[in-house]
Amino acid sequence: MAQDDRPERYPFAEIEGKWQRAWEDSRQFHVTEDPARPKFYCLEMFPYPSGRIHMGHVRVYAIGDLLARYKWMRGFNVLHPMGWDAFGLPAENAAIDNGVHPAVWTYENIKNMRSQLRRMGISYDWDRELATCDPAYYRWEQLVFIRMFERGLAYKKRSSVNWCPSCQTILANEQVEAGRCWRCDSEVTTKEIEGWFFKITAYAEELLEWCDRLPGWPERVLTMQRNWIGKSEGAEFDLHVVGRPGVAIRIFTTRPDTAFGMTYAVLAPEHPQVDTLVTDAAERARVEAFRKEVARESEIERLAADRPKRGLRLSARVLNPFTGGEIPLFLADYVLMGYGTGAIMAVPGEDQRDWDFATQHRLPIIATVKRPEGWEETQAYTGDGVKINSGFLDGLPVDEAKRKAIDWLVAKKLGQSKVNYRLRDWGISRQRYWGAPIPILYCPADGMVPERDDRLPVVLPEDVQISGKGGSPLAEVAHFVNARCPKCGGPAKRETDTMDTFVESSWYFLRYCSPRYEGGMFEPKAAAYWMPVDQYIGGIEHAVLHLLYARFYTKVLRDMGMTAADEPFLALLSQGMVIKDGAKMSKSKGNVVDPDELIRRYGADTARLFSLFAAPPEKDLDWNDRGVEGASRFLNRVWRFVHAHADELRAADKTAQAGGPSDAGRAFRRVIHETIRRVTDDIEKDFHFNTAISAVMELVNALHDFERASLDGMGRAERGRLLREAVETMILLLGPVTPHITEELWGVLGHRESLFRRPWPVADPAALEREEVVIVVQVDGKVRSRVTVDVAAGERDVQDKALADEKVRPWLDGRQVAKVVVVPGRLVNVVTRA
RNA sequence: GCGAGAGUGGCGGAACUGGGAGACGCGCUGGACUUAGGAUCCAGUGGGGCAACCCGUGGGGGUUCAACUCCCCCCUCUCGCACCA
């Protein structure tokens, strides 16, 4: 393959290097707070320094840079920073595999990726670059951890957690996908272990409420967050155990109205009350056997839908307080200890799971809602209706019955209304090395004590053996573990777990506001100026991970009085994946396109142009090598045109012309200004950069047509002026997409100042005006002709002209005109009848 | 199962608020320039008839002068959640 000596490619390598240096040398995109100008904080999710950028990075950073440069041209003071999400497991795995220290590996990767990003020519303020593994960064996270600890927002507990056997660490609920580790795809098990948690559940209601106040977010992301938080409203109440005064089981239900249909009750197998309910040795043995059987199921098996529900009937019975009747009590695997109270009332008539279980175990089913006409009792009825078989609730609709049932429970002192959330506290302990140390010590005298503020950061020691054998590697580092108690000064041991790397990414956007600030996490005035992020851009895979954590963390900081921001990200753009040959790019599939190779062969501008042109940003992008050729061809065409007409363009007189403009000139100028309007709308309205680019392509096509056809009825001065206006407009509109070639061509036109210091073009309303307009003429809804009319023509005139049209008349032969619909400026539809 | 989104040429994708379906690009066909073309330029390109015309936006119904767009039913695909009481 001898592509390198292809002829007539514009010298992209040379001009891209030149402009990247020019922008950096002049620190063109360096910003400071400037209250006089409107600010725009444009942020793309920062990368993990894996070593090399991939096409997904090219896409997201091309999108971000387009917006940033566009906003610059619109007069905004644009903050556009970049940094590195630098803690994480791959660095440790590299250490295990190659014996290189995680820090060395990470900083080496950062160096490589930084130079790759530089070659893309993105308008970052590199002065603000940060890496989260820097103690100067994570010390503030440790300080906030201590503040959270003091407020009970960070706490330690022993519990059953998600455990990834391959990563040898705890995972948060959000980091388990369909029973597998989000990072390594291993099957996740459960483990009873002590770990640190952030009390995100304390913010469940607020996180949910604000989902309705983020209009700039995609609906699907908000829906995922709402579902993840999983609010459900209902009631909690007691079921008394028969023959055991004072012993009751508390259950949660969202359907208190159905309580009269309760024909049994169920406890989760691990429910702590089971031990007090079971006294007989034989039954105890049966319970143990059942629990073992349930525990043997892996997470994956538990997730498999519609598998039979296993249950064990206990000898104890409970009372339905609504009917006073005795009902049986079961242990069953379909009731989860982690939700509600771990116990339920079972209403098979109105709950499908209970219906399935009741059918399998031949338990009675009572309908408490009137079924619709023709309903067959083959499944539970969960719809609306009027209460039946329900004592004092009979005749009420479901909603009212719910309320009345709760009132009754409250009056009888049996229970009350209750809201439950599916969201669990965020488990942040990681039994790994390459993360921020948790700043807690264990003192024999004082117990669990946070490190003193003035001794922060607790620096991650460098001399550590990483074996990959499991257990926190920090536990092996004696000089780290053995420390002094901040309270009594006596010997104490340090916590050896590190924090989940999602903690670092929960506030990096705040640190960018004042990345070198030493007085705290961020400088309050800088954060007040820049926050919140106006446009955040990143992959959909973070819909409930990073994006939920960052929202939570921001609210915590707000409640500590550190920031006024309620939410970190005003608007979110979730870009789709880059796929090739129908599959996500991956080494194992062998369909990877290497950005370096692409940039070497075609240049960064072509890579960016294709990424933005091939699909709207929220959709998956189907990579296509031929499409890249097309993008490259377009830029070459632009390059050739400007150079071929350089003299004429430079000489063009920009002053007003003496004579009036020609018809052709006016028509072409309308095309220019229509393009400005379309491109601006596409960017502003819904980020449809693909159609914005196609509009510029149309302008370039029109430019070629104009160039060939002109001088018919047009003076040389008018032609030169229009060519120049068209070319300048084209360059300005294309600038944010392909900054290097446009900056270069801008210079060819004789400009000395950077393109990105020029204002974005504004469509001239006068240029958009038309004198005539083409009207489509339909007969009975089918297009039969077109007529050209004066824009000011009245409906009557338009209709007459349409009816008189020679292509229309034959269709009216032998038929009567029943009606004529005239849509001004667009269309006439002649409706006929026989 | 629940929730969200999507189905348009050979392909990626356009179509504002119900008003010309297929913009733009890729590919393909023919031509020009050429020693050559995988460079460049010109013309064409939904299907059928090769004319007048007819058909066509997953399928079926409906509303309307007019439906890719609105309503009802169904099919397929993608993503998320998944025994959450």
Side-chain angles (χ1 to χ4, degrees), chain A residues 2-3 6-9 177-179 218-228 230-232 234 251-255 258 266 268 302-307 309 332-336 338-347 350-354 356-357 420-423 540-541 543-544 576-577 609-610 613-616 618-631 633-634 636-637 640 678 681 685 688 690-698 700-701 704 708 774-783 785-786 810 818-823 825-832:
Chain A
Q3 283 90 348
R6 282 181 184 182
E8 289 157 64
R9 280 262 161 88
E177 296 170 352
E219 198 49 45
R220 64 172 167 159
V221 174
L222 294 172
T223 303
M224 280 190 233
Q225 293 219 351
R226 285 190 193 102
N227 291 345
W228 190 259
K231 179 179 183 172
S232 57
I251 62 102
F252 172 72
T253 179
T254 53
R255 291 291 303 275
T258 63
V266 188
R302 261 181 190 255
L303 294 176
D306 58 294
R307 69 190 214 287
K309 294 170 173 41
D333 61 353
Y334 78 100
V335 174
L336 310 172
Y339 187 77
T341 61
I344 61 156
M345 67 169 190
V347 185
E350 277 93 32
D351 183 286
Q352 190 57 40
R353 294 152 303 183
D354 297 342
D356 293 340
F357 189 83
N420 268 323
Y421 299 91
R422 218 186 63 110
L423 183 69
I540 188 71
E541 66 273 16
V544 284
M577 289 186 306
L609 177 64
F610 179 73
F613 176 63
E618 71 278 6
K619 287 188 67 170
D620 285 349
L621 183 147
D622 196 352
W623 195 267
N624 176 337
D625 293 338
R626 300 244 195 215
V628 179
E629 288 279 356
R633 196 177 302 157
F634 171 72
N636 276 295
R637 195 159 170 246
R640 279 196 311 271
R678 286 169 64 191
D681 279 2
K685 213 177 57 221
H688 280 186
N690 56 331
T691 49
I693 291 166
S694 72
V696 179
M697 287 175 169
E698 284 180 67
V700 171
N701 291 342
H704 278 88
R708 255 177 298 157
V774 176
I775 302 282
V776 169
V777 185
Q778 297 180 332
V779 178
D780 294 321
K782 288 191 196 300
V783 180
S785 185
R786 289 168 180 81
K819 177 177 174 185
V820 181
V821 179
V822 180
V823 181
R826 280 215 81 105
L827 153 152
V828 175
N829 188 12
V830 184
V831 184
T832 70

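Lettering follows sequence order; numbering is per chain, from 1.
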Legend entry - Anti versus syn assignment for B/rG5, with syn defined as within 90° of 0: anti
Inset, instruction - For each nucleotide in nucleotides 12-17 of chain B, reading 5' to 3', give B when a protein heavy atom comes within less than 4.0 Å of its base, S when such contact involves only the sugar-phosphate, and - otherwise. - result: BSS-B-
Touch class at under 4.0 angstrom, heavy-atom based, for [X] against every strand present:
X        : value
A/Lys231 : nothing
A/Gln778 : base
A/Arg626 : sugar-phosphate

Legend entry - ring-ring contact (aromatic ring centres under 6.0 Å, His included) against A/Phe610, all qualifying residues, sequence neighbours excluded: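 With neighbours one apart ignored, the set is A/Trp623.
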Inset, instruction - Check ring-ring contact (aromatic ring centres under 6.0 Å, His included) between A/Trp228 and all other residues, then give those that pass, not counting sequence neighbours. - result: none
Inset, instruction - Under the side chain to side chain contact (heavy atoms under 4.5 Å, CB included) rule, collect the residues that match up with A/Thr223, sequence neighbours excluded. - result: A/Glu219, A/Arg226, A/Asn227
Inset, instruction - Would you mind telling me which residue lines up with the more 5' stretch of RNA chain B, A/Glu219 or A/Ser232, judged by nearest nucleotide? - result: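 Looking at RNA chain B, the more 5' nearest nucleotide goes with A/Glu219.
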Inset, instruction - Nearest-nucleotide wise, let me know which of A/Ala695 and A/Gly342 is further upstream toward the 5' end of RNA chain B. - result: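 Its nearest nucleotide lies further toward 5', so the answer is A/Ala695.
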For [N] and [M], measure between their [atom1] atoms and round to the nearest Å.
N      : M      : atom1 : value
B/rG27 : B/rA21 : P     : 28 Å
B/rC41 : B/rG9  : C1'   : 26 Å
B/rU78 : B/rU69 : C1'   : 22 Å
B/rA14 : B/rA23 : P     : 13 Å
B/rG10 : B/rG46 : C1'   : 10 Å
B/rU34 : B/rC24 : P     : 30 Å
B/rG80 : B/rC28 : C1'   : 40 Å

Inset, instruction - Report the secondary structure of RNA chain B in dot-bracket form, marking unpaired bases with a dot and bases paired to a different strand with |, and treating Watson-Crick or G-U pairs with both distances under 3.5 Å as paired. - result: (((((((..(((......[....)))((((((.......))))))(((....)))..(((((..]....))))))))))))....
Nearest-angstrom distance from the residue atom [atom1] of [X] to [atom2] of [N]:
X        : N      : atom1 : atom2 : value
A/Arg226 : B/rG5  : CZ    : P     : 11 Å
A/Ile344 : B/rA85 : CD1   : P     : 11 Å
A/Tyr334 : B/rA82 : OH    : C1'   : 16 Å
A/Leu423 : B/rG80 : CG    : C1'   : 16 Å
A/Asp780 : B/rU64 : CG    : P     : 16 Å

Legend entry - Within-4.5 Å side-chain heavy-atom neighbours: A/Ile344 and A/Tyr339: no
Inset, instruction - Give a yes/no answer on whether the side chain of A/Asn829 brings an N or O atom under 4.0 Å of OP1 or OP2 in B/rG20. - result: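 Answer is no, no contact under 4.0 Å.
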Legend entry - Any A/Arg633 side-chain N or O less than 4.0 Å from OP1/OP2 of B/rC24: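 Answer is no, no contact under 4.0 Å.
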Legend entry - N/O donor-acceptor pair, side chain A/Arg786 with base B/rG20, under 3.5 angstrom: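 Between B/rG20 and A/Arg786, which were checked side chain against base, a qualifying N/O pair under 3.5 Å is present.
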Inset, instruction - Would you state whether a donor and an acceptor, one from the side chain of A/Lys309 and one from the base of B/rC83, lie under 3.5 Å apart? - result: yes
All N/O pairs under 3.5 Å across the protein-nucleotides 42-45 of chain B interface:
from, atom 1, to, atom 2, distance (Å)
B/rC42, OP1, A/Arg708, NH1, 3.3
B/rC42, OP1, A/Arg708, NH2, 2.7

